[in-house]
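Following: one structure in C-alpha cells, then a few remarks.
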Amino acid sequence: GTYSGMMTDFTQTVINEASYNGYGGVGMKYTGEVMGIPHTGYMYALQSNGKIVLIVVQEADEDHRKNAAGFKLVETTFKIK
C-alpha cells in the first residue's frame, strides 16, 4: 500500500561542500510535498573525530518563520564528541 505521509513531487540538489555549525561535509537540499503541504529539507553528512554523522532538517514551508530560531539553536549548540 501507499503510506499517506510519504513525500511526493520530490526534487533534490546536491551541495558538494556543506557546513553545519562549522563542521564541513557534503549535503543535499530537497523539496517535496507531504499530504499536499510543501516541505523543504536539508541533509548533512559530516565527519569529525573519526565519526560520520548524518543530520536531517525538514519542515513545512509554511512553518519556516516559527521554526527558524529553534533550528538555529540546535545548529549552534551541535557538537560531535
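The model shown is predicted, which means the values in this text are computed figures rather than measured ones.
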List the atom pairs, donor and acceptor, that lie under 3.5 Å between side-chain atoms in residues 15-27 and the rest of the protein, sequence neighbours left out.
| from | atom 1 | to | atom 2 | distance (Å) |
| --- | --- | --- | --- | --- |
| N21 | ND2 | E75 | O | 3.2 |
| N21 | ND2 | F78 | O | 2.7 |
| Y23 | OH | I80 | N | 2.9 |

**OP:** List for me each residue that meets side-chain hydrogen bond (donor to acceptor under 3.5 Å, both in side chains) alongside T31, sequence neighbours excluded, and say none if there are none.
**Re:** T11

Original post:
Would M35 end up clustered with Y30 when hydrophobic side chains under 4.5 Å apart are linked, directly or stepwise?
Top reply: yes

Subject >> Distance in Å, Q12 CD paired with M43 CE, rounded so as to fall on 0.5 Å steps >> reply: 8.5 Å

Original post:
Which pairs count as salt bridge (charged side-chain N to carboxylate O under 4.0 Å, His left out) when at least one residue sits in residues 46-65, sequence neighbours excluded?
Top reply: D63-K66

Original post:
Can you get from V14 to F10 by hopping between Ile, Leu, Val, Met, Phe, Trp and Tyr side chains that sit under 4.5 Å apart?
Top reply: no

Subject >> Hydrophobic cluster membership, V56 vs V34, 4.5 Å side-chain cutoff >> reply: yes

Original post:
Going only through I, L, V, M, F, W and Y residues with side-chain contacts under 4.5 Å, is there a path from V74 to V53?
Top reply: yes

**OP:** State, without any angle test, whether Q58 and Y42 hold a side-chain donor-acceptor pair at a distance under 3.5 Å.
**Re:** no

Subject >> Minimum-distance pair of heavy atoms, taken over all atoms of K81 and N49 >> reply: C-ND2, 4.1 Å

Subject >> For Y44, all residues meeting side-chain hydrogen bond (donor to acceptor under 3.5 Å, both in side chains), sequence neighbours excluded >> reply: none

